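Following this message is one structure expressed as structure tokens.
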Number of protein chains: 2
Amino acid sequence: MNFDTIDIELLALLQEDCKKTTKEYALKLGLSVTAVYERIKRLEKNGVIQKYVALVNKKEIEKGFTALCHVKLTQHTKKYVSNFERDIIKLTEISECLHLSGDYDYMLKINVKDIEAYREFIVSKLTAINHIGSTQSSFVIAEVKHTTAISI
Amino acid sequence: MNFDTIDIELLALLQEDCKKTTKEYALKLGLSVTAVYERIKRLEKNGVIQKYVALVNKKEIEKGFTALCHVKLTQHTKKYVSNFERDIIKLTEISECLHLSGDYDYMLKINVKDIEAYREFIVSKLTAINHIGSTQSSFVIAEVKHTTAISI
DNA sequence: CTTGAAAGGAGATATAA
DNA sequence: TTATATCTCCTTTCAAG
């Protein structure tokens, strides 16, 4: 799909706040309501906009402690890899699992209440998964920048 | 703020799709429209819900290549740290910058078109920032799991 | 692309139970 | 606390320029 500068501006607005009225977007973009409406529908239809979600403040729901955990597998056969990935997806504490190039196989992002909860997670949930060779954790001291918006 | 099980269900629904009508949430939760409406407003007012955003498909906007980059600073004086963070925030390719415990000072997540664009970013933008001691990049081979929803 | 119109629906508040 | 009613505004579609 091709984007003109208005599409790009519109995507930036929607990534910042998707609950404004079409009228408000139209005003900011200098277009009519209908035009903006059609553009949004087009972006949705083409899969450029995947979904609309509420973002929740982690601290308010007692998930203010974030850790990154690098994981190496013992083997890299297809079976081991897919079993590991299947199990990881089920763990609700994990918001992100990236398969990486380089020294480590996977990087997990884990959201829990505090460091005790993290220890409990590692001991009773993560290391219960088969074929994990080693893990190495880092703790997030500060989120300097964290945005779901991707600028074109 | 305290949550009952309905709040928790509601937050899960809103984190999955925030564009449904209050009526639909009410139906799923077995409550009246007014009750759900009041709960949502309460969650917003208390800062539990931070914002509502559109999530964009990275591949569709030519930002399908994701890299993680560990950064060490040469020094850790307050001035160096805050200058570094100020500069990082300005770079639109960076969607995330975490200050970490452990071997590395920072982890950056970078979204660009492809590996050539990544090289260009590193050479001309990232290393242009002062007081960076070393960087080490890993490339994302697959996003096994990636969710903005945090389950309570 | 724009404007205007029209139907139906949802948001928001007030009121009753 | 819930449910109901009401009014206003928004969404969505259409037609015509």
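All of these numbers come straight from a predicted model, not from anything done at the bench. Sequence lines set the chain letters: A, B, ... in the order given, protein chains first and strands last, and positions in each chain run from 1.
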Original post:
A:Asp7 has an atom CG; how far is it from atom C1' of C:dC1, in whole Å?
Top reply: 13 Å
**OP:** Give a yes/no on whether any side-chain N or O of A:Lys41 is located under 4.0 angstrom from OP1 or OP2 of D:dT12.
**Re:** yes
Original post:
Quick one: the side chain of B:Ser32 and the base of D:dT4, do they pair up donor-acceptor inside 3.5 Å?
Top reply: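 No pair found.
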Original post:
Can you tell me if the side-chain N/O atoms of B:Thr21 get under 4.0 Å from OP1 or OP2 in C:dG11?
Top reply: no
**OP:** Starting from the 5' end of DNA chain C, give me the residue, A:Leu31 or A:Lys19, whose nearest nucleotide shows up first.
**Re:** A:Leu31
Original post:
Whole Å only: how far is the CD atom of A:Glu44 from the C1' atom of D:dT12?
Top reply: 12 Å
Original post:
Side chains of B:Asp105 and B:His76: donor-acceptor distance under 3.5 Å anywhere?
Top reply: yes
**OP:** Whole angstrom is fine here: how far is it from OH in A:Tyr25 over to C1' in D:dT12?
**Re:**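 In whole Å, D:dT12 C1' and A:Tyr25 OH are 17 Å from each other.
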**OP:** May I ask you to decide whether A:Lys51 forms a salt bridge with B:Glu16, counting only side-chain N to carboxylate O separations under 4.0 Å?
**Re:**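 Salt bridge flag = yes for B:Glu16 with A:Lys51.
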Original post:
Within the pair A:Tyr37 and D:dT11, is there a side-chain N or O less than 4.0 Å away from OP1 or OP2?
Top reply: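 For D:dT11, neither OP1 nor OP2 has a side-chain N or O of A:Tyr37 closer than 4.0 Å.
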Subject >> Spacing between B:Ile40 atom CD1 and C:dT13 atom C1', to the nearest angstrom >> reply: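 In whole Å, C:dT13 C1' and B:Ile40 CD1 are 16 Å from each other.
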Original post:
Looking at the side chain of B:Ala35, which of C:dG11, D:dT2, D:dT11 is the nearest nucleotide?
Top reply: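 For the B:Ala35 side chain, the nearest candidate turns out to be D:dT2.
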Original post:
Once you round it to whole Å, what is the distance between C1' of C:dG9 and NZ of B:Lys23?
Top reply: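 Atom-to-atom, B:Lys23 to C:dG9, this comes out as 9 Å.
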Original post:
Any ion pair linking A:Lys63 and A:Glu93 (charged N to carboxylate O, less than 4.0 Å)?
Top reply: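 No, this pair does not count.
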Original post:
Does A:Thr34 or A:Glu38 map to a spot on DNA chain C nearer the 5' end, using the closest nucleotide for each?
Top reply: A:Glu38
**OP:** Go through the steps to decide whether A:Ile129 and A:Leu91 satisfy the test side chain to side chain contact (heavy atoms under 4.5 Å, CB included), and finish with yes or no.
**Re:** CA-CA 11 Å; A:Ile129 295 179; A:Leu91 296 178; 4.0 Å; yes
